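What follows is one structure encoded as structure tokens, with my remarks underneath.
Just so you know, these numbers come straight off a predicted model, no measurement behind them.
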Amino acid sequence: MKFKGFWYDSVLLCLVAGISAAFIAMTVFIEPRLAVAECVAFLIVFAVAVYRALSAGNRYKRFLIKTAKKLDFTDEKVLSNFPFPVAVCDESGSVIWRSQRFMNEISPDKVAQTDTLEMFTNGLGVEELTERGSACVKIGERYYTVYAVTYQSGGSRMCAFYYLDNTDLKKIELEYYNSRPYALVVEMDNLDGSRNDFRDSEIAEIKSQVEAALDNWAESYNSFVKKISEDRYLIITEHKNIARMKEDRFSVLQTVRSYEYKGKKVGATLSIGVSGGKDVQSCEKSARKALEMALGRGGDQVAIKTKDGYEYIGGVSKSAEKRNKVKSRIVGSALSELIKSSSNVLIMGHSYTDLDAVGAAVGLACACQSFGIPVYIATDRKKTLALSLIKKLDDEGMGELIIGQDKALDIVDKKSLLIVVDTHIESFVEFPKLYEKSETKVIIDHHRRAVTDVENAIIFHHDPGASSSCEMVTELLQYMEPEVNITKTVAEALLAGIMLDTKDFVVGSGVRTFEAAAFLKDKNADMISVKKLFANSLEVNKLRTKVICSAENFMGCAVSSADFDSPDIRIISAQAADELLNVSGIKASFVMYNGGGSVNISARSLGEINVQIIMEALGGGGHQTMAACQLKGYDLKKAKEALCAEISRFFENNQ
């Protein structure tokens with residue numbers, strides 16, 4: 001039952017007064033005697049309205065009494081004598097009766113005629129509360145468990161809900177939850193590059209200073225640090241401290257990152273894996289896996305294990321280049337044995353393959369041919385962005401290596417080897433069915449580690465410090481046995497992939513990048529021939545210029561939209577994003593375009609801004625300097641708003 005009629009008294013009073021005043025004002029100049037009559041009517045109506053407003057409280061009390069009388073005498077007596085707060089509402093959720101204890105503890109304010117159940121159950125309605133049977137709510141500073149019981153009274157369906165105070169138990173539960181153990185496994189990385197710049201005694205002092213900074217930071221959160229290896233530390237803390245650390249954005253990252261020794265920046269960084277668990281042992285085990293994720297994404301960041309995956313904080317530094325080629329030698333030797341023991345080899349990249357993916361595939365195909373093993377490159381000629389390279393392979397007599405999904409599925413058997421290049425995310429591979437059917441897999445990728453990476457790979461060769469997959473494959477070819485005979489065409493394919501991902505050796509190029517390029521140059525790779533693989537038609541160049549001209553500067557980032565249709569829209573957008581980095585004051589570029597029923601975004605940077613973090617926030621991924629995402633259900637306007645919001649959030653979190 002719902003009481004109606006009182007809530008609009010004050011509105012009625014104002015409305016009557018306003019209308020009457022307006023009529024009197026209009027008629028006073030036309031007919032004064034009529035105006036006098038209107039004044040009398042106005043005063044009478046106004047007096048009645050004032051009376052109703054002043055007597056609303058008393059009339060509502062009479063309404064409650066009348067409503068309560070409709071409850072059975074036995075019901076009312078039982079409910080009133082309950083030793084805890086009780087109230088009754090009707091089917092619509094309007095509160096029609098409440099006990100004195102309820103008014104004292106739950107609703108101490110003056111009774112209002114608009115009170116509903118949701119006001120006292122943290123937003124839960126009658127139906128939801130009835131289905132649950134009970135619910136935990138917080139009223140003020142106290143916690144209650146609300147129980148709901150429905151019954152018939154006076155021919156109407158009523159719901160009685162009563163509160164049991166469990167504040168003490170809830171506080172104990174929260175204290176237990178907040179005191180659960182958490183482990184942080186910390187690794188000091190990127191210090192190898194400084195070993196040649198400082199003496200051993202200075203390196204020891206630098207490490208002691210970094211350890212002191214880590215100790216002070218952990219101590220501020222009532223945690224303790226234990227050194228477990230040369231460059232690795234274990235921190236044990238409680239769950240309640242993790243929220244504070246996240247709010248502080250793990251300030252120790254910036255402290256170590258900006259550390260200087262004798263006025264010279266050291267360049268040391270920290271990578272941290274964080275995880276909770278039922279005990280310290282399980283926490284430490286999960287934290288080590290989280291640390292692997294942080295290191296796989298380039299280091300200088302925190303990876304926090306959550307129920308749904310991982311949460312990342314930091315990651316603004318460039319990936320440290322590993323100058324040690326021992327891993328490449330080990331992987332190259334193992335891959336050689338694996339290829340030679342396979343019936344055939346299929347090589348596959350990511351969807352919409354580019355020069356890096358196809359170039360890496362061509363390099364590995366050359367190795368397989370040297371071993372006398374049948375090899376194929378599985379890709380879709382209609383969706384590739386490396387069509388110029390594929391045409392070159394056709395002209396050189398290597399076009400038969402390129403096959404589609406149907407033929408690849410027919411060829412694969414139990415002894416087949418599938419090599420995935422330039423991606424480690426299962427949903428990004430060119431042909432998911434081929435991946436599912438293959439039993440033996442090898443992954444070779446340089447992109448920063450993602451949560452949804454591929455599983456069950458016999459060899460997972462992942463190096464976020466490498467400039468490209470072609471660079472990694474070039475290194476592997478040098479350590480394969482027997483020696484691989486790299487032809488001029490293969491060398492140019494690999495060099496094209498390196499040049500694409502480094503933007504002609506400008507972004508992400510390290511010592512090993514130039515060593516790989518020198519090796520390919522020694523194999524007769526022609527730079528002019530490679531450069532021709534990047535040539536575009538005049539129409540593509542015009543459309544690319546159109547995209548560049550429409551760009552806007554947002555917080556130092558160029559944001560543009562390709563609002564036209566073109567079969568080369570992906571190439572145009574990617575190249576426009578690259579070109580926008582040449583504009584003065586632009587630190588990153590984002591180009592949006594419609595395609596495949598969604599808005600696609602190509603993101604590029606020169607390394608100062610980690611575009612991977614921005615794209616991951618929008619559901620995409622990639623590398624620090626090259627990333628992308630797809631926004632389904634968006635138009636270009638909404639996509640731009642979402643993108644700008646994430647750019648702003650990135651700068652807020654990494655100031």
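Put simply, the side chain of I614 reaches to within 4.5 Å of the side chain of L643, judged on heavy atoms. Between L520 and I498 there is a side-chain heavy-atom pair separated by less than 4.5 Å. For the pair L335 and L364, the minimum side-chain heavy-atom distance is below 4.5 Å. Within the 4.5 Å cutoff, side-chain heavy atoms of D463 are placed close to those of R512. Side-chain atoms of K207 and V210, non-hydrogen and from C-beta on, never get closer than 4.5 Å to each other. Put simply, the side chain of L581 does not reach to within 4.5 Å of the side chain of V506, judged on heavy atoms. At a threshold of 4.5 Å between non-hydrogen side-chain atoms, the residues N241 and S223 count as touching. At a threshold of 4.5 Å between non-hydrogen side-chain atoms, the residues H424 and V420 do not count as touching.
Judged by the 6.0 Å distance and 45° axis criteria, R570 is positioned over the aromatic ring of Y352. Relative to the six-membered ring of Y310, K305 meets both conditions, a distance below 6.0 Å and an angle of at most 45° to the axis. In this structure, R649 forms no cation-pi arrangement with F651, as its terminal cationic atom is not both closer than 6.0 Å to the ring centre and no more than 45° off the ring axis.
In this structure, K340 NZ and L417 CG are separated by 13.5 Å, a value rounded to the nearest 0.5 Å. Y435 OH to E426 CD: the interatomic distance, rounded to the nearest 0.5 Å, is 4.5 Å. Atom OG1 of T269 and atom CE of M188 lie 9.5 Å apart (nearest 0.5 Å). Separation of atoms CZ (F224) and CD (E219) is listed at 13.5 Å; rounding is to 0.5 Å. To the nearest 0.5 Å, atom CG of residue L214 and atom OG1 of residue T255 are 10.0 Å apart. Going from atom CD1 of I313 over to atom NZ of K246 covers 6.5 Å, rounded to the nearest 0.5 Å.
Listed for the D189 side chain is no donor-acceptor partner under 3.5 Å among the backbone atoms of G299. With T353 contributing its side chain and H350 its backbone, the two residues share no donor-acceptor pair below 3.5 Å. S438 places no side-chain N or O within 3.5 Å of a backbone atom of T440 that could act as its donor or acceptor partner. Judged by distance alone, with hydrogens and angles left aside, the side-chain atoms of T384 form no donor-acceptor pair with the main-chain N or O of D380 at under 3.5 Å. Remark: side-chain polar atoms of S201 are not paired, donor with acceptor, to backbone N or O of R199 under 3.5 angstrom. With hydrogens and angles disregarded, no donor-acceptor distance shorter than 3.5 Å links the side chain of T625 to the backbone of R604. Panel note: side chain S589, backbone A577; a donor-acceptor pair is recorded below 3.5 Å. The backbone N or O of D501 lies less than 3.5 Å from no partner atom in the side chain of D356, so there is not a single donor-acceptor pair. Within the 3.5 Å criterion, the main-chain N or O of D279 finds a donor-acceptor partner in the side chain of S282.
With no hydrogens or angles considered, a side-chain donor-acceptor pair links S469 and D422 at under 3.5 Å. Under the 3.5 Å distance criterion, with hydrogens and angles disregarded, a donor-acceptor pair is assigned to the side chains of T513 and E471. S416 and N344 share a donor-acceptor pair across their side chains, judged by distance under 3.5 Å alone.
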Original post:
Could you walk me through whether K640 and F590 pass the side chain to side chain contact (heavy atoms under 4.5 Å, CB included) check?
Top reply: CA-CA 10 Å; K640 182 178 179 181; F590 302 87; over 6 Å; no
**OP:** Could you walk me through whether C557 and I609 pass the side chain to side chain contact (heavy atoms under 4.5 Å, CB included) test, one step at a time?
**Re:** CA-CA 9 Å; C557 299; I609 296 177; 3.8 Å; yes
Original post:
Please walk me through it: do S333 and Y479 pass side chain to side chain contact (heavy atoms under 4.5 Å, CB included)?
Top reply: CA-CA 6 Å; S333 178; Y479 295 105; over 6 Å; no
**OP:** Show the numbers, then the answer: is there a side chain to side chain contact (heavy atoms under 4.5 Å, CB included) between L494 and L477?
**Re:** CA-CA 11 Å; L494 289 166; L477 294 177; 3.8 Å; yes
**OP:** Would you sort out whether K289 and E292 count as a salt bridge (charged side-chain N to carboxylate O under 4.0 Å, His left out), showing the intermediate values?
**Re:** CA-CA 5 Å; K289 292 182 179 180; E292 291 178 7; over 6 Å; no
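The number of heavy-atom neighbours closer than 6.0 Å to CD of Q281, taken from other residues, nucleotides and ligands shown, is 12 or below. Around OH of Y177, the count of heavy atoms belonging to other residues, nucleotides or ligands within 6.0 Å does not exceed 12. For E311, the CD atom counts as densely surrounded, since its 6.0 Å shell holds more than 12 non-hydrogen atoms of other residues, nucleotides or ligands. No more than 12 heavy atoms of other residues, nucleotides or ligands shown are found within 6.0 angstrom of NZ on K433. Within a 6.0 Å sphere centred on NZ of K415, heavy atoms belonging to other residues, nucleotides or ligands number 12 at most.
Scanning both residues, S208 and E205, for their nearest heavy atoms gives OG-O, 2.6 Å. Of all the heavy atoms in C470 and A493, the pair that sits closest is SG-O, 4.2 Å. Here the shortest heavy-atom pairing between A213 and V252 reads O-CG2, 4.3 Å. Contact between C366 and V484 at its shortest, heavy atoms only, is SG-CG1, 4.0 Å. Contact between M480 and A367 at its shortest, heavy atoms only, is SD-CB, 3.6 Å. Closest approach of I373 and I339 over heavy atoms only: CG1-O, 3.6 Å.
Ring planes of F250 and W217: tilted class, angle from 30 to 60°. Note on ring orientation: taking the six-membered ring where Trp is involved, the planes of Y261 and Y259 are tilted (angle from 30° to 60°).
Take K138 and apply the salt bridge (charged side-chain N to carboxylate O under 4.0 Å, His left out) test, not counting sequence neighbours, and it matches no residue. The side chain to side chain contact (heavy atoms under 4.5 Å, CB included) search around A287 returns A183, V185, S275, not counting sequence neighbours.
Residues E430 and K383 are not paired through a salt bridge, judged by the lack of any N-O separation under 4.0 Å between the basic side chain and the carboxylate. Taking the charged nitrogens against the carboxylate oxygens, E173 and K170 do have a contact shorter than 4.0 Å, which makes a salt bridge. Taking the charged nitrogens against the carboxylate oxygens, R288 and E284 do have a contact shorter than 4.0 Å, which makes a salt bridge.
Only one option out of K503, Q612, H447 pairs with M626 in a side chain to side chain contact (heavy atoms under 4.5 Å, CB included); it is K503.
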